[in-house]
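Below is one structure, written out as structure tokens; comments come after it.
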Amino acid sequence: MLDLESVLKEWEEDSKIPMHQLDETSRNTPSLHAKYLQYLSLTKLQLKRAEHSQKTLLKDKFFYYEGKMSQEEINEKNWQYDPFQGNIPTKAMKEKMADADTDIQKSEEKITYLKTTIDTLEEIIQTLRWRHSTIKNIIDWRRLEAGG
């Protein structure tokens, strides 16, 4: 899984526009775009996989909390045999247990992390799309400062 912190560190470096290398920066933009587009594509695929895994997990947890899962299946997943500890579960209790379930929470965290990474990568790509305008503005400003 792509690490958001490392992407942000890379972008911190890649986002710099050295004033004495505007031409090189401009030429480098398409390769940066390709790099972050690859990151974005891979992360979107990871998100889709995580969402599918979560759907399977939620189905399994539904059967688990409804008491419709065999002992073998419960043992295979290494889950506690009686999640309600001998109590007769109400609908509200089942919902609370599902909300507090660490497996479901971890799945939600992973999906949120991937969505945040996707949002970040989309912002980076948007910035790269307009980088030529930023470079042009720098050049225009230099001309203005030089009296032209």
For F84, is there any backbone N or O sitting under 3.5 Å from a side-chain donor or acceptor partner on Y65?
no

Sequence neighbours excluded, the answer for side chain to side chain donor-acceptor pair (under 3.5 Å) partners of D103 is K61, W79

If the threshold is 4.0 Å, N to carboxylate O, is there a salt bridge linking D119 and K115?
no

Is T117 close to L121 at the side-chain level, that is, under 4.5 Å between some pair of heavy atoms?
yes

Can you tell if the side chain of L114 reaches within under 4.5 Å of the side chain of M1, non-hydrogen atoms only?
yes

Is any NZ, NE, NH1 or NH2 atom of the basic residue among D140 and R143 found under 4.0 Å from an Asp or Glu carboxylate oxygen of the other?
yes

Report the C-alpha separation of Y113 and D3 in whole Å, then their side-chain angles, then the decisive distance to 0.1 Å, and conclude whether the side-chain contact (heavy atoms from CB on, under 4.5 Å) test is met.
CA-CA 9 Å; Y113 185 87; D3 177 33; 3.2 Å; yes

Using modelled atom types and a 3.5 Å cut-off, is there a donor and acceptor pairing between side-chain atoms of Y36 and backbone atoms of W11?
yes

Q126 vs R129, side-chain hydrogen bond (donor to acceptor under 3.5 Å, both in side chains): CA-CA, chis, key distance, verdict:
CA-CA 5 Å; Q126 188 66 21; R129 280 189 188 125; 3.0 Å; yes

Under 4.0 Å between a Lys/Arg side-chain N and an Asp/Glu carboxylate O for E145 and R142?
no

Between E24 and R27, does any NZ, NE, NH1 or NH2 come within less than 4.0 Å of an OD or OE carboxylate oxygen?
yes

Enter the distance from T43:OG1 to L4:CG here, rounded to the nearest 0.5 Å.
9.0 Å

Within the distance-only criterion (no hydrogens, no angle test), does the side chain of S26 pair as donor or acceptor with the backbone N or O of L22 below 3.5 angstrom?
no

